[in-house]
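Let me begin by presenting the structure, written as structure tokens, before commenting on it.
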Amino acid sequence: FEASSIEIIDKDKIIIAKEGVKILSDNEIIIDADQMRYDKEEKFLEASGNIIVTNQIENIKITSDNVTYDKNAEKIVSSGNVEIKFEDNYTLKTKEIVYLKSSEEILINNITKIKDGLGNEIEFEQLNYNANDKLIKGKKVKLLDLEKNYYNFDSAIIDFSKNQIIADNVNINFNKG
């Protein structure tokens, strides 16, 4: 990693970095932050301020206020004003996400909004995104399309590679305008 200010404490066990922190992981993940604390023994990183997590291989960029990275579990938790850009066509906004590197999954258990490149807006109460198969599986889904038609689904699977939605218990309210 790199930073303008680095402090090493507790017999080289803890590293505290400030000002322009850039963390480079050996598996394609880059984390930029204002400051970070890394526990070498636990292989656990905490970072805060202007967080940008980039996975260049999977074309995923996450911005947030705070992030923790458990290197042993390959698990990243981003919280506070989380925004994810993926597939160069989708923007997701929520409060907190869990990114599991080993399975390439993003798990979210709070209200999440996604906008696609076509202008559709989709809201989920809970979702799971898998970068390998490009599928979002969500519950309590609301979709607002360009014509202002509302679609409600108990659960839905969105296939980004085919621009398709598979859903159950569908309710559609057409815009009369």
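Heavy atoms only: backbone and side chains are in, while hydrogens, waters and symmetry mates are out.
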For side chain to side chain contact (heavy atoms under 4.5 Å, CB included), just list the numbers for I165 and L143, CA-CA rounded to whole Å, side-chain angles, deciding distance to a tenth of an Å, and then say yes or no. CA-CA 10 Å; I165 296 177; L143 184 143; 3.4 Å; yes
For the pair V53 and V67, evaluate side chain to side chain contact (heavy atoms under 4.5 Å, CB included) and give the outcome as yes or no after the intermediate values. CA-CA 9 Å; V53 179; V67 70; 4.2 Å; yes
Please evaluate residues V82 and I62 with respect to the criterion side chain to side chain contact (heavy atoms under 4.5 Å, CB included), reporting the C-alpha separation (whole Å), side-chain torsions for both, the decisive distance (0.1 Å), and the verdict. CA-CA 7 Å; V82 179; I62 304 168; 4.1 Å; yes
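Put simply, the side chain of S64 never gets that close to the backbone of S78: no donor and acceptor are under 3.5 Å apart.
Salt-bridge check for K139 with E125: failed, with every basic side-chain N at 4.0 Å or more from each acidic carboxylate O. By the 4.0 Å N-to-carboxylate-O rule, K85 lies close enough to E83 to be salt-bridged with it.
In summary, the side chains of E105 and S103 do present a donor paired with an acceptor at a separation below 3.5 Å, with no hydrogens or angles considered. There is no side-chain donor-acceptor pair under 3.5 Å between N110 and E96. A donor-acceptor pair shorter than 3.5 Å cannot be found between the side chains of E147 and N175.
To the nearest 0.5 Å, atoms OG1 (T63) and CG (N50) are separated by 9.5 Å. The CD atom of E104 lies 9.5 Å from the CD atom of E74; values are rounded to the nearest 0.5 Å.
Here F86 and Y129 bring their ring centres to under 6.0 angstrom of each other.
N171 has its side chain within reach of N173: a pair of non-hydrogen atoms, C-beta onward, lies under 4.5 Å apart.
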